[in-house]
Amino acid sequence: MRKLQGWKDIPIGTAIIEAGSSVKYLTGEWRNARPEHNKDKCTNCLLCWIYCPDGAIIVEDSQVTGINYDYCKGCGICAAECPPKVKAITMVKNQN
Amino acid sequence: MARLAALTGNNAAAEAIRQIKPDVFAAYPITPQTELAEEVAQFVADGILDTEYIPVESEHSSMSVCIGASLAGARAMTATASCGLAYMWELLPTTASLRSPVVMVVVNRAFNAPLNIHCSHDDSMGARDSGWVQLYSENAQEMYDNLIQAVKIAEDETIRLPVMVCMDGFIISHAVERLLLLEDEKVKNFLGEFKPVHSLLEVNNPVTIGACALPDYYTEHKKQHSEALRRSLDKIMEVANEYAKISGRSYSLFESYQLADAEYGIVIVNSAAGVTRTVVDKLRKEGVKAGLLKIRVYRPFPAAQIVQALKNLKVVAVLERTDSFGGVGSPVFTDISAAFMEAQTKEKPLMVNYIYGLGGRDVGLKDIGKVYANLQVINQKGKIEKSFAYLQARE
Ligand code: SF4
Ligand code: SF4
């Protein structure tokens with residue numbers, strides 16, 4: 001978790017004084033369910049990669065190698081799109 | 001040497017603006033502010049004021065221009081009234097929370113309907129919670145003095161907040177008065193140069209201003225703004241004391257007139273303080289301990305100081321030129337009531353709230369005399385029968 005600043009520490013007048021600071025904003029903090037990927041079951045059809053709205057499925061050399069939890073918001077679309085016969089992604093509830 | 005002049009309230013404000021020399025002035029004409037907007041335009045056209053005058057197509061735009069200019073590092077000013085202020089409403093809290101030190105003259109005028117171009121305080125009183133500093137002016141001299149001080153308060157590095165300076169439409173904006181003006185050089189030195197905290201034009205130091213803040217940060221931004229406004233009370237007094245040194249005219253958070261030993265008090269805002277003072281003098285001669293508290297700084301509200309000034313009175317009437325429809329009372333009345341609640345003083349006066357002078361209705365010696373008479377009746381009976389009334393409404 002990033003450290004949230006207090007009212008005395010933030011620049012006045014809503015100013016953001018650092019360019020490109022949005023890369024520090026890890027939207028994965030919102031997640032309340034965590035997708036877990038099973039490499040052994042995965043057929044690398046990449047349906048999850050196509051459907052993930054946050055580009056959080058990590059693919060290297062056409063292989064799913066994991067999930068980027070910094071930005072994965074836990075929507076569960078990947079688990080729903082993974083073919084029923086494969087079911088290589090399971091959602092673990094109440095976990096960031 | 002100070003200059004003696006005969007000017008209307010609008011002229012006096014325009015003269016102050018000429019001396020303040022804003023980098024940008026963006027205004028849209030609206031009665032009774034029109035003469036002021038015209039006069040500033042005339043100064044610029046005549047080449048005696050080096051200001052970028054932006055003739056906008058609406059008040060929504062005038063405030064937008066002022067915000068942009070201010071954030072870019074310019075001293076920005078505007079002026080409006082009534083529906084014009086209503087039309088820029090959306091931008092008022094934006095200006096304040098962006099901490100843009102824009103200074104605006106509000107020539108108080110009633111809200112429609114029915115259509116009315118005369119004085120009520122509906123406009124600026126309605127805007128009291130927008131996060132601006134609000135100063136009120138009894139006459140042209142006070143408008144001139146308040147306006148110059150407003151720029152210094154707004155631009156102070158520890159404050160950085162917009163300031164509204166209000167005067168009564170027509171009664172003050174269009175009546176010629178005798179007043180004293182400072183030398184141009186004195187105003188210039190008093191104010192110094194405006195230095196923005198973060199300028200949008202500093203290309204080597206890019207900043208983003210007014211981005212989105214979600215529930216995780218919005219509260220902190222508002223708290224920061226709220227604290228700055230509360231803190232500004234001391235700064236307003238500091239600026240008043242500095243101004244007294246160059247002008248010889250002293251200002252406080254409010255004016256106490258014959259209040260120290262008073263039993264019956266009227267609290268009033270803007271021009272009607274004049275007629276009230278005259279009635280106080282008359283009653284004092286008759287042995288009635290009458291007093292007056294005239295609001296100058298309304299936001300931030302000097303709650304503790306007002307409680308201190310009123311707590312030993314027997315009965316107080318808060319007279320107001322606007323109604324807070326359906327509320328407990330008008331704005332100043334509810335603020336003073338809350339201030340007593342907060343202070344938890346043992347001593348407190350009985351307090352009534354009278355609405356007067358709506359849409360420019362004249363308030364005379366008789367009206368004010370009647371109020372002080374009512375206060376004495378309330379004191380004799382020891383209780384209030386009617387705490388809220390329209391003073392001048394025909395049955
Ligand atoms: S849970 Fe949603 S955001 Fe996270 S990887 Fe799956 S599809 Fe992407
Ligand atoms: S959808 Fe399922 S099987 Fe296809 S790549 Fe993603 S995890 Fe592997």
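FYI, side chains are in, hydrogens and waters are out, and symmetry mates aren't considered; it's all heavy atoms of this structure. None of these values were measured; they are calculated from a predicted model. Below, chains carry the letters A, B, ... as their sequence lines are ordered, and counting in each starts from 1.
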Nearest 0.5 Å, please: how far is CD1 in I12(A) from CZ in R99(B)?
4.0 Å
Within 6.0 angstrom of Y28(B) OH, more than 12 heavy atoms from elsewhere
no
If you count every heavy atom of other residues, nucleotides or ligands that lies below 6.0 Å from Y53(B) atom OH, does the total exceed 12?
yes
Counting only heavy atoms not in W49(A), do more than 12 fall under 6.0 Å of its CH2?
no
Under a 4.5 Å heavy-atom cut-off, does chain A meet the side chain of H198(B), its backbone, both or neither?
side chain
Does the side chain of Y217(B) reach to within under 4.5 Å of the side chain of T14(A), using non-hydrogen atoms?
no
Flag yes if more than 12 heavy atoms outside E342(B) fall under 6.0 Å of its CD atom; otherwise flag no.
no
Given that the side chain runs from C-beta out, which part of L214(B) has a heavy atom under 4.5 Å from chain A: side chain, backbone, both or neither?
side chain
Just how far is it from atom CH2 of W7(A) to atom CD of E220(B), taken to the nearest 0.5 Å?
10.5 Å
What distance separates T208(B) OG1 from E18(A) CD, expressed to the nearest 0.5 Å?
10.5 Å
Give a yes or no answer on whether the side chain of Q224(B) reaches the backbone of I10(A) with a donor-acceptor pair at less than 3.5 Å.
yes
Taking CG in D50(B) as the centre, count heavy atoms belonging to other residues, nucleotides or ligands within less than 6.0 Å. Is the count above 12?
no
